[in-house]
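To keep things clear, I will list the structure first and then write my remarks on it.
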Amino acid sequence: MKKVIIANWKMHPTSAREAVALIRAITNGVRKCVRRVDVVLAPSLPFLSLARKHSSLKIAAQDLFWENPPKGGAYTGEVSARQLRSVGATFVIVGHSERRALGETNDMVQKKLKTALKAGLWTTLCVGEHERKKDTAFPNVIKEELHEGLRNISKSLFRRLIIAYEPIWAVGTRRAATPQDVFEMTILIRRELMRMIGKKRALAIPILYGGSVDEKNAAFFMKEGRVDGLLVGGTSLRPRSFIAMIESIATL
Ligand code: PGA
């Protein structure tokens with residue numbers, strides 16, 4: 001898989017007009033880089049179809065529901081994998097810390113993950129600890145999020161699994177982790193995955209970093225943190241910075 005950069009717009013921007021401008025600016029700006037980098041736009045639901053219409057980039061949803069009945073269902077406010085696919089999404093994020101903060105449990109995340117993978121979506125499972133720890137011990141919470149999240153899912157479905165390491169203290173805070181921290185944590189995550197699902201499968205799973213990534217530090221995370229990609233919030237809303245970031249990665 002190519003390096004993958006997911007632009008998580010969260011609940012931004014506030015109008016369709018601004019969303020189209022952002023979609024267009026990013027799509028044009030990264031055109032030269034997409035041979036080397038998979039740029040994935042993750043707008044909020046009302047803008048997914050706009051992304052499809054105005055961009056050739058890949059599209060992700062920020063969440064989905066765990067039920068995916070062929071004929072739809074009575075689940076007010078939810079969105080199914082089938083619906084997402086029908087508007088062109090091929091990626092989805094599950095278990096983002098901002099969703100967990102609203103009450104999403106590991107159990108809910110597991111159900112979403114299973115449904116998304118079964119539906120053939122490239123699915124990014126977010127894991128991360130609340131507090132920064134000085135030692136490099138593997139935080140229990142990450143272990144739990146991995147084990148509970150991947151529980152009872154057929155190993156063959158992990159072909160489309162992506163893990164995003166997002167320490168909560170670094171998300172939206174402009175206090176990014178260091179590339180060295182990220183490198184150590186991804187080794188621990190990969191080692192745990194090997195124990196869980198075997199070496200070959202674990203080695204094939206892309207591991208991303210997310211948390212205050214910008215155009216200045218992105219290349220360091222890729223090079224020294226040795227991640228397979230990035231999950232980018234704030235910076236993905238500033239086209240100039242985001243395009244500069246993608247360019248810095250494409251030339252690595
Ligand atoms: P940030 O967000 O880049 O604004 O820290 C990252 C994320 O929430 O995925």
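Ligands are counted one by one from 1 in listed order, and the atoms in each one are counted from 1 as well. All values reported here derive from a predicted model rather than from experimental measurement.
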For atom 2 (O) of ligand 1, grab the closest protein heavy atom and report residue, atom and distance to one decimal in Å.
-> Lys10 NZ, 3.2 Å
Is Ala176 in contact with ligand 1, taking contact as a heavy-atom separation below 4.0 Å?
-> no
Measure the distances from the heavy atoms of His96 to every atom of ligand 1 and state whether one is below 4.0 angstrom.
-> yes
Quick one: look up the protein heavy atom nearest atom 4 (O) of ligand 1 and list residue, atom name and how far away it is.
-> Gly234 N, 2.9 Å
Give a yes or no on whether the backbone of Leu57 and the side-chain of Ser55 come within a donor-acceptor separation of less than 3.5 Å.
-> yes
Has the side chain of Arg190 got a donor or acceptor atom that lies under 3.5 Å from a matching backbone atom of Ile205?
-> yes
Can an N or O of Glu166 be found at a distance shorter than 3.5 Å from an N or O of ligand 1?
-> yes
Side chain Ser248, main chain Ile246, donor-acceptor under 3.5 Å | no
Under 4.0 Å from any heavy atom of Gly211, which atoms of ligand 1 are there?
-> 5 (O)
Can you tell me if Asn8 has a non-hydrogen atom under 4.0 Å from ligand 1?
-> yes
Side chains of Glu18 and Thr14: do they bring a donor and an acceptor to under 3.5 Å?
-> yes
Given the rule that I, L, V, M, F, W and Y join up when any side-chain heavy atoms are under 4.5 Å apart, are Leu188 and Tyr165 in one cluster?
-> yes
Short side-chain donor-acceptor distance under 3.5 Å, Glu104 and His96 | no
Identity of the nearest option to atom 5 (O) of ligand 1, non-hydrogen atoms only, from Gly233, Gly172, Ala42 | Gly172
Is there a donor in the side chain of Asn106 and an acceptor in the side chain of Arg151, or the other way round, less than 3.5 Å apart?
-> no
Run the numbers for me: atoms of ligand 1, each under 4.0 Å from some heavy atom of Ser212, listed by number.
-> 1 (P), 3 (O), 5 (O)
One finds that the ligand 1 atoms under 4.0 Å from a non-hydrogen atom of Ala170 are 5 (O)
